[in-house]
Amino acid sequence: DYPQKRTKADTQDLKQFSIHPLARFNGPCTTYKQPVEIMSFSYDNERNLHMDDRELKYYYPPDLKDCDLSHGYETFVQREQSGPEPIHSLLDSLAHAQKQSADKNLIQTDLVGYFVTILIISWRGIFTKILCTPYNRNEPWELGATLWNNTIFIEEHDTEYTKENSTGTTPRHKLMSYWGYKFENLCTISKLPSEITSSDDPELINRKTTIVNTNVQYCSVAKTSLGNNKLIMGAEVDCLCDAKPKRPANPVEKYIELKTSKVIEKEKDTFYFERYKLLKFWAQSFLIGVPKIIVGFRDNDGCIINVQEFKTMDIPKIVKGKNGMWNATVCLNFANKFLEWLKTVIVIDDPNSSYTISFQSPFKDIKVEFMGKKNSVLAERHLESLKN
Ligand code: A3P
Ligand code: MG
Ligand code: MG
């Protein structure tokens, strides 16, 4: 029921999905299951991967009297990274979870009647891009996908656009990117907030001078579904509000996302914040079930002026009905239809092959092209470790 244009090129290898008109994604909202964490892992300050929670942090409100985000910029340790994160560490964590779990079906696809349900595995950032696509004006994306064992694995491709927009392309960009990480340091501690008894606790003093190191991350892997699309996604989580409950209890309710944004002064700042920032904040946190987003509003010099909490679930109501805004239902229905369609065009089950999925602009169709036996998203080791 989605218009699918046929062109001459669209014989066998190229398939297209049109985004407009958006009106067809209105209507009853597709269900999205509460994400359930199945695994978590950490990267340490040298980017070594550990299948544990050693880098998990807790939220503790920042000291607004001492909140200059540029502080320590000279000693900033920035992760050496060329291009988007491959899916490999997510798959390593799933292989680990599968080995540990009594549930042998942890990441196995189920049979529903005669049909095998296709599972989609990727980073949360990629699902965020898909969810925001109906309102994306000028941020093209390109993804690579491999179908194997009834599972579609998706990762992001490096493109001219990602190269031009990667962190550190201009000194100002690099500084502003530092602000985001510095804010995380100024808002988090490594022990339980209830264990802080005074304002001169070393945790609170030391967090102001800790060297910011972007190698460090704590990540959560969750299982969920959008309509009939079964999804597994890995996501970086900034902090928790409280002790992490042991699985199978679901810790995602304790998670908090931290963000920085320019302080709102003029009417056009409000529009920009609601139209562009809140859309991404909502999509990113909603997908992994993070209930709370804490935004540090900063001035042009990178000093935090105030901090405001947003309930993820309330964000769509803030923008609802406003002129030129976005609609969460359209995002979810679009993503649902798009993923359903993707499963009908990604059909060659081969761990050595790949498809390229590309989005240029909302007024052009999303294209899916079979690339043959190259650029597989999977590494050799996953064929062994993920086999069920
Ligand atoms: P802000 O989002 O507060 O600006 P996240 O919020 O997803 O946990 O990311 C933490 C910080 O990483 C961001 O903080 C930002 O500083 C930096 N960051 C994330 N994606 C980036 C990108 N594409 N370019 C530059 N910096 C980025
Ligand atoms: Mg983060
Ligand atoms: Mg954050």
Side-chain angles (χ1 to χ4, degrees), residues 40-43 45 47 55-59 62 67 69-73 76-85 123-129 131-132 136 138-141 156-159 161-188 212-220 233-241 252 255-264 272-273 276-288 290-300 302-310 312 315:
S40 54
F41 61 91
S42 300
Y43 294 103
N45 57 11
R47 202 62 187 175
E55 300 296 351
L56 176 156
K57 305 280 187 318
Y58 302 97
Y59 178 72
C67 226
L69 300 181
S70 300
H71 194 264
Y73 179 58
F76 177 27
V77 179
Q78 207 172 5
R79 197 181 130 206
E80 274 181 46
Q81 166 198 32
S82 59
E85 184 73 32
W123 291 114
R124 177 264 313 267
I126 287 166
F127 291 110
T128 306
K129 285 199 159 87
L131 199 55
C132 296
N136 179 333
N138 52 9
E139 296 173 18
W141 48 255
E156 192 179 357
H157 280 170
D158 212 4
T159 61
Y161 178 82
T162 57
K163 282 190 193 105
E164 277 166 27
N165 290 278
S166 65
T167 324
T169 38
T170 68
R172 177 78 183 166
H173 194 179
K174 194 174 168 195
L175 175 66
M176 288 175 69
S177 167
Y178 176 75
W179 290 348
Y181 295 112
K182 180 69 181 174
F183 182 64
E184 293 179 354
N185 276 37
L186 292 177
C187 287
T188 56
V212 174
N213 183 325
T214 63
N215 287 302
V216 177
Q217 281 184 333
Y218 163 75
C219 296
S220 169
M233 60 185 88
E236 200 234 330
V237 172
D238 290 335
C239 56
L240 279 86
C241 62
V252 304
Y255 288 162
I256 295 179
E257 172 61 44
L258 301 170
K259 287 286 173 197
T260 59
S261 198
K262 197 171 125 8
V263 74
I264 292 170
Y272 180 83
F273 178 74
Y276 297 98
K277 289 257 173 165
L278 281 187
L279 169 59
K280 286 187 182 168
F281 292 2
W282 167 76
Q284 182 190 31
S285 289
F286 176 81
L287 281 167
I288 201 86
V290 173
K292 194 191 276 184
I293 304 166
I294 297 181
V295 183
F297 288 96
R298 50 124 191 116
D299 63 18
N300 280 326
C303 289
I304 295 292
I305 307 298
N306 66 305
V307 167
Q308 194 182 340
E309 294 190 11
F310 291 86
T312 308
I315 291 176

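If you're wondering where the values come from, they're calculated on a predicted model, not measured in any experiment. Atoms within each ligand, like the ligands themselves, are counted from 1 in listed order.
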* Asked: Taking C-beta and beyond as the side chain, do Thr188 and Asp238 meet within less than 4.5 Å on heavy atoms?
  -> no
* Per-atom contacts of ligand 1 with His173, taking only distances under 4.0 Å to non-hydrogen atoms -> 24 (N), 25 (C)
* Asked: When the ring planes of Phe297 and Phe273 are compared, do they come out parallel, tilted or perpendicular, using 30° and 60° as the limits?
  -> tilted
* To do: Determine, for Arg47 against Glu85, whether the closest basic-nitrogen to carboxylate-oxygen distance falls under 4.0 angstrom.
  => yes
* Counting no waters, what protein N/O/S atoms lie under 2.8 Å from the Mg ion (ligand 3)? -> Asp238 OD2, Glu257 OE2, Leu258 O
* Flag side-chain contact, heavy atom, 4.5 Å: Glu184 against Lys57 -> no
* **Close side-chain approach of Val307 to Pro62, heavy-atom, < 4.5 Å** => yes
* **Interfacing atoms of ligand 1 (cut-off 4.0 Å, heavy-atom, Glu257)** => 5 (P), 6 (O), 8 (O)
* **Option set Met176, Gln284, Glu236, criterion heavy-atom distance to atom 7 (O) of ligand 1, minimum** => Gln284
* To do: Answer yes or no: does an N/O atom from Asn165 fall short of 3.5 Å to an N/O atom of ligand 1?
  => no
* Numbered atoms of ligand 1 (with element) below 4.0 Å of Thr260, judged on heavy atoms -> 1 (P), 3 (O), 4 (O)
* To do: Evaluate the ring planes of Tyr218 and Tyr255, with Trp represented by its six-membered ring, and classify them as parallel (under 30°), tilted (30 to 60°) or perpendicular (over 60°).
  => perpendicular
* Asked: Side chains of Leu175 and Ser70: does their closest heavy-atom pair fall under 4.5 Å?
  -> yes
* Asked: Going by heavy atoms, is Leu258 under 4.0 Å from ligand 1?
  -> yes
* Asked: Any heavy atom of Tyr181 sitting closer than 4.0 Å to ligand 1?
  -> yes
* **Basic-acidic side-chain contact under 4.0 Å: Lys129, Glu156** => yes
* Which atoms of ligand 1 are found less than 4.0 Å from any heavy atom of Glu184? -> 8 (O), 10 (C)
* Counterpart residues, salt bridge (charged side-chain N to carboxylate O under 4.0 Å, His left out), relative to Lys277 (two or more places apart) -> none
* From the options Gly180, Ser285, Pro84, select the one whose nearest heavy atom is closest to atom 13 (C) of ligand 1. => Gly180
* Give the atoms of ligand 1, by number and element, whose distance to some non-hydrogen atom of Asp238 is under 4.0 Å. => 8 (O)
* Is any side-chain heavy atom of Ile288 less than 4.5 Å from a side-chain heavy atom of Phe127? -> no
* **N or O pair under 3.5 Å between Lys259 and ligand 1** => yes
* Side-chain contact, heavy-atom cut-off 4.5 Å: Phe183 with Leu69? -> yes
